[in-house]
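Presented below is the structure to which this report refers.
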There are 2 protein chains.
Amino acid sequence: MDRADRAQGRHEHVLDSLGPAIVSGDCPPGSVLRTDELEERFDVSRTVVREVIRVLESMHLVASRRRVGVTVLPPEEWNVYDPRVIRWRLAGPDRPRQLRSLTVLRSAVEPVAAGLAARLATPEQCAELTEHALGMVATSRGQQLERYLVHDIAFHRVVLRASGNEMFARLGDVVAEVLTGRTHHQVMFTDPDPAAVTLHVRVAEAVRERDAARAEALTREIVTGAMAELDVLAP
Amino acid sequence: MDRADRAQGRHEHVLDSLGPAIVSGDCPPGSVLRTDELEERFDVSRTVVREVIRVLESMHLVASRRRVGVTVLPPEEWNVYDPRVIRWRLAGPDRPRQLRSLTVLRSAVEPVAAGLAARLATPEQCAELTEHALGMVATSRGQQLERYLVHDIAFHRVVLRASGNEMFARLGDVVAEVLTGRTHHQVMFTDPDPAAVTLHVRVAEAVRERDAARAEALTREIVTGAMAELDVLAP
DNA sequence: CGTAACTAAAACGTCATACTTATTGCCTCA
DNA sequence: TGAGGCAATAAGTATGACGTTTTAGTTACG
């Protein structure tokens with residue numbers, strides 16, 4: 001525990017304390033942090049504090065102005081696509097809202113990505129897709145949620161990567177985060193929806209057969225299901 | 001010009017030199033930068049260099065390791081949603097590919113955003129939408145491309161914001177960048193496609209009438225047009 | 001009495017330097 | 001030949017000094 005705590009370097013430690021504090025609303029927008037106060041609070045040098053501030057500034061979480069200090073920016077300014085911001089928000093009280101935002105984003109992106117994948121996926125990627133779809137089938141019953149999750153994440157990652165769009169591909173982590181969050185916050189004894197499993201198999205089929213329209217439509221059904229599921233779980 | 005050059009601070013100057021150099025492939029992936037070399041190259045102190053490195057690291061453009069130096073990461077690692085990375089890539093040789101990625105992203109997101117906007121837009125937002133759509137009509141003929149562009153950007157910004165999804169809203173800058181790029185790289189004497197203009201007016205209508213399906217479908221037509229247009233312009 | 005200009009302080013920005021720590025490559029010894 | 005230790009290297013951290021900008025307070029003048 002001692003090693004994981006210090007997370008290799010004072011810098012990361014301070015960042016992983018300040019970042020969550022900001023996105024959780026603990027340091028509300030408009031509040032001011034002074035560097036020397038932070039120095040003292042975390043018992044680190046100005047070097048470290050300044051570097052952390054610069055990183056937070058690059059995420060648009062704070063703005064540093066002379067004579068006034070480091071002011072926390074309102075949420076509308078935040079770089080909500082920064083993986084760390086996403087992680088911090090998912091770990092805080094804003095989790096439901098963040099989960100909803102991400103799921104809506106998924107619902108927009110994944111169908112288009114699947115359509116593109118159907119036109120561009122390599123034979124290897126088609127094989128991977130089929131493999132993971134079958135893996136989902138195999139693990140969809142009997143409380144094997146963890147193993148099911150692995151295949152589910154891998155499936156969506158392959159689709160996003162196979163779309164050939166670098167920006168879609170980068171959403172793989174986001175989808176993984178959402179799926180993981182769903183699994184771990186659900187009652188762990190409910191097996192996955194069989195309909196969803198079937199849909200994945202059919203998407204793999206459609207991609208393999210280069211049927212872009214069908215791949216897109218089927219994926220749209222999947223994400224629609226995810227949205228509906230969210231309504232049950234989130235406030 | 002002298003003021004804009006120094007851009008308030010050595011930090012930004014170095015960042016705006018190194019960032020573009022990396023995303024343009026000038027510093028190829030795997031190449032190593034040493035901090036003392038950068039100090040000398042930009043004639044700044046270690047403080048500045050280290051802070052720049054930390055910011056670049058937070059964008060996953062580089063990774064800093066002891067005893068080895070700062071290594072440039074491959075493009076797959078980059079935080080391609082970081083506004084600065086997008087701007088740097090649009091300014092470099094990777095521009096066509098980046099423009100294509102962004103347009104594909106638009107084609108996925110904007111229709112869904114329009115559908116949501118139809119359900120959630122406030123009366124004020126509906127009014128803004130109509131206003132800008134009419135503004136587009138008014139400026140669509142007679143070489144008023146600059147003024148047309150302003151309305152076009154504003155229109156899409158309102159849609160994204162009215163969707164109620166923070167992540168969609170943050171794509172407003174991206175869309176603005178794409179639209180600006182298109183206008184400025186097109187022959188400046190060709191007026192906008194009348195069909196596109198009409199579509200915007202009809203989207204505003206659909207949103208005002210709370211017709212989500214129509215708003216989505218019409219927006220899909222718009223972005224399909226944008227994709228087709230891109231095929232003409234980009235290699 | 002009000003406004004404008006000036007001054008002083010507060011906080012960040014930058015620089016220079018010394019020291020620490022982790023990593024890697026080389027060299028020695030078995 | 002291989003394994004282990006030693007030394008060199010470059011990043012990480014700490015600290016003190018000084019510059020710069022912005023704000024607020026104060027004073028002087030109309």
Side-chain angles (χ1 to χ4, degrees), chain A residues 1-19 21-22 27-74 77 84, chain B residues 2-19 21-22 27-73 77 84:
Chain A
M1 272 310 167
D2 207 347
R3 296 284 149 69
D5 183 287
R6 304 188 41 249
Q8 90 192 37
R10 301 234 187 297
H11 181 267
E12 296 216 12
H13 170 59
V14 177
L15 195 60
D16 282 340
S17 300
L18 268 186
I22 292 172
C27 304
S31 59
V32 176
L33 311 167
R34 263 164 307 117
T35 52
D36 50 351
E37 173 216 326
L38 296 173
E39 268 179 69
E40 179 185 355
R41 190 159 124 211
F42 293 102
D43 189 41
V44 293
S45 69
R46 281 204 306 292
T47 313
V48 172
V49 171
R50 286 183 62 29
E51 284 169 18
V52 168
I53 295 299
R54 274 320 216 282
V55 172
L56 291 175
E57 199 175 26
S58 95
M59 299 173 175
H60 283 79
L61 293 187
V62 304
S64 176
R65 281 166 46 201
R66 274 174 160 142
R67 161 71 190 188
V68 57
V70 177
T71 51
V72 177
L73 294 176
E77 299 281 343
R84 254 170 313 194
Chain B
D2 207 347
R3 298 284 147 72
D5 185 285
R6 302 187 45 248
Q8 94 193 36
R10 305 237 186 294
H11 182 266
E12 296 216 12
H13 169 59
V14 176
L15 195 60
D16 282 341
S17 299
L18 266 187
I22 292 172
C27 303
S31 60
V32 176
L33 312 166
R34 263 164 302 115
T35 51
D36 49 350
E37 174 216 325
L38 296 173
E39 266 179 71
E40 179 186 355
R41 189 159 124 208
F42 293 103
D43 190 41
V44 293
S45 72
R46 258 179 82 168
T47 311
V48 172
V49 171
R50 286 185 63 21
E51 283 168 18
V52 168
I53 295 298
R54 274 317 214 282
V55 172
L56 291 175
E57 200 175 25
S58 95
M59 299 172 176
H60 284 81
L61 293 187
V62 303
S64 175
R65 280 166 48 200
R66 273 177 158 139
R67 160 72 193 192
V68 57
V70 178
T71 45
V72 177
L73 294 176
E77 299 282 342
R84 254 169 312 192

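Residue numbering restarts at 1 for every chain, and letters A, B, ... go by the order of the sequence lines.
Judged as a side-chain contact (heavy atoms from CB on, under 4.5 Å), and not counting sequence neighbours, the contacts of A/Pro74 are A/Pro29, A/Glu76, A/Glu77.
Listed by first then second residue, pairs satisfying salt bridge (charged side-chain N to carboxylate O under 4.0 Å, His left out) with a partner in residues 62-71 of chain A number zero, not counting sequence neighbours.
When rounded to the nearest whole Å, the span between CG of A/Leu15 and C1' of D/dG12 equals 16 Å.
Rounding to the nearest 0.5 Å gives a distance of 15.0 Å between CZ of A/Arg10 and CG of A/Leu15.
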N/O donor to acceptor pairs below 3.5 angstrom from side-chain atoms of residues 52-63 of chain B, sequence neighbours left out:
| residue | atom | partner | partner atom | Å |
| --- | --- | --- | --- | --- |
| B/Arg54 | NE | A/His11 | NE2 | 3.4 |
| B/Arg54 | NH1 | A/Glu51 | OE1 | 3.3 |
| B/Glu57 | OE2 | B/Ser64 | N | 3.4 |
| B/Ser58 | OG | A/Ser58 | OG | 3.2 |
| B/Ser58 | OG | B/Val55 | O | 2.9 |

Anything under 3.5 Å between a donor and an acceptor, one on a side chain of residues 33-48 of chain A, the other on a protein residue two or more places apart or in another chain? List them.
| residue | atom | partner | partner atom | Å |
| --- | --- | --- | --- | --- |
| A/Glu37 | OE2 | A/Arg41 | NH1 | 3.3 |
| A/Ser45 | OG | A/Thr47 | N | 3.4 |

>> So if I define the base as every atom that isn't primed, P, OP1 or OP2, how would nucleotides 9-14 of chain C read as a B/S/- string at a heavy-atom cutoff under 4.0 Å?
In response: BBBBSB
